[in-house]
Amino acid sequence: MRRFIISFFTIIILFVLQCTVFKGALAIAGIAPNLLLMFTCIVGFMRGRTSGLMVGFFSGMLIDVLSGGMIGFTALIYIFVGYFNGMFYKEYTKEQMLLPISLVAMCDFSYGLIYYVITYVMRNKLHLSFYVSKVILPEMIYTVCVTIFAYIFVYFINRWLDLLSKKRNNRNVKGTTN
């Protein structure tokens, strides 16, 4: 229950930061990092497929509902991102930073390409090289730079929650044996 509450408030806080601070004061050449995609990737990597899928769904739906675009489009992409990153849950150690950062970069680049295809190619605007060089790559680099710090923060919160749940389980086991 603690994980759900912390994830819920983290999604809300990251959405507010993404829409206000990073779109305004911290925007670099009009580019802001994709904080919710980054959080979905990190949660999927640290907690597994189901958690990544759930965080992806709620993050994507929040973006879709409040942005006024196609409802479900971003949620569907974020669900795939969370599930994909969750496949690496048991394969690698969580202290390793290279894999999650490269996963965030790959997912952000893929998200940018899918978004381009759905929103621009469908309207016959074919400037892929311009869009990749001016939007997708700068956003990916900015998101990766923010991920370096965010991953460490989420890692320590995840470890703290694991320790709390182990303490609670130990108390429950001691209480039932007496």
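Under a cut-off of 6.0 angstrom, the local environment of CZ in Phe80 is sparse, with at most 12 non-hydrogen atoms contributed by other residues, nucleotides or ligands. Open room surrounds OH on Tyr115; 12 or fewer heavy atoms of other groups in view lie less than 6.0 Å from it.
A heavy-atom distance below 4.5 Å is found between the side chains of Ile63 and Tyr78. Contact annotation: the side chain of Leu26 approaches that of Tyr142 to within less than 4.5 Å [non-hydrogen atoms, C-beta and beyond]. Annotation: side chain of Val81 is not in contact with side chain of Leu103 (no heavy-atom distance under 4.5 Å). Side-chain contact between Leu137 and Phe109 is present, with heavy atoms from C-beta onward closer than 4.5 Å.
Between Ile114 atom CD1 and Ile77 atom CD1 the span is 5.0 Å, to the nearest 0.5 Å. Here the OG atom belonging to Ser110 is positioned 10.0 Å from the CE atom belonging to Met140, to the nearest 0.5 angstrom. Rounded to the nearest 0.5 Å, atoms CD1 (Ile71) and CG (Leu76) are 13.5 Å apart. How far CZ of Phe8 is from OG1 of Thr10: 10.5 Å, rounded to the nearest 0.5 Å. To the nearest 0.5 Å, atom CG of residue Asn34 and atom CZ of residue Phe22 are 11.5 Å apart. Taking CD1 of Ile136 as the reference point, atom NZ of Lys134 lies at 13.5 Å (rounded to 0.5 Å).
Closest approach of Glu139 to Ala32, counting heavy atoms only: CG-O, 3.5 Å. Smallest separation of non-hydrogen atoms from Asp64 and Phe73: OD2-N, 3.2 Å. The shortest heavy-atom contact between Val104 and Thr143 is CG1-CG2, 3.8 Å. Contact detail for Tyr131 and Gly112: the closest heavy-atom pair is CE2-O, 3.8 Å.
Note on Val146 and Phe156: same hydrophobic cluster, where clusters join Ile, Leu, Val, Met, Phe, Trp and Tyr whose side-chain heavy atoms are under 4.5 Å apart, directly or indirectly. If you chain together hydrophobic residues whose side chains sit under 4.5 Å apart, Met106 and Leu99 fall into the same group. In this structure, Ile152 is not a member of the same hydrophobic cluster as Leu163, with clusters built from ILVMFWY side-chain heavy atoms closer than 4.5 Å. At a threshold of 4.5 Å between side-chain heavy atoms, the hydrophobic network of Ile, Leu, Val, Met, Phe, Trp and Tyr places Leu35 and Phe9 in one connected group. Grouping the Ile, Leu, Val, Met, Phe, Trp and Tyr side chains by contacts below 4.5 angstrom, directly or via other members, places Phe84 apart from Leu98.
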Would you be so kind as to tabulate the donor-acceptor pairs closer than 3.5 Å made by side chains of residues 37-60, with sequence neighbours excluded?
residue	atom	partner	partner atom	Å
Thr40	OG1	Leu36	O	2.8
Arg47	NH1	Ser7	OG	2.9
Ser59	OG	Val55	O	2.8

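Residue Leu161 is found in a hydrophobic cluster whose other members, listed by chain and number, are Ile6, Phe153, Ile157, Trp160, Leu164; membership requires side-chain heavy atoms under 4.5 Å apart, directly or through intermediates.
Using bins of under 30°, 30° to 60° and over 60° for the plane-to-plane angle, the ring pair Tyr155/Tyr151 lands in the parallel bin.
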Do Leu66 and Phe15 pass the side chain to side chain contact (heavy atoms under 4.5 Å, CB included) test, and can you show the C-alpha distance, the side-chain angles, and the key distance before you say yes or no? CA-CA 10 Å; Leu66 294 179; Phe15 179 76; 3.4 Å; yes
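Sorted by first and then second residue, the salt bridge (Lys or Arg N to Asp or Glu O under 4.0 Å) pairs involving residues 1-18 (not counting sequence neighbours) are Arg3-Asp162.
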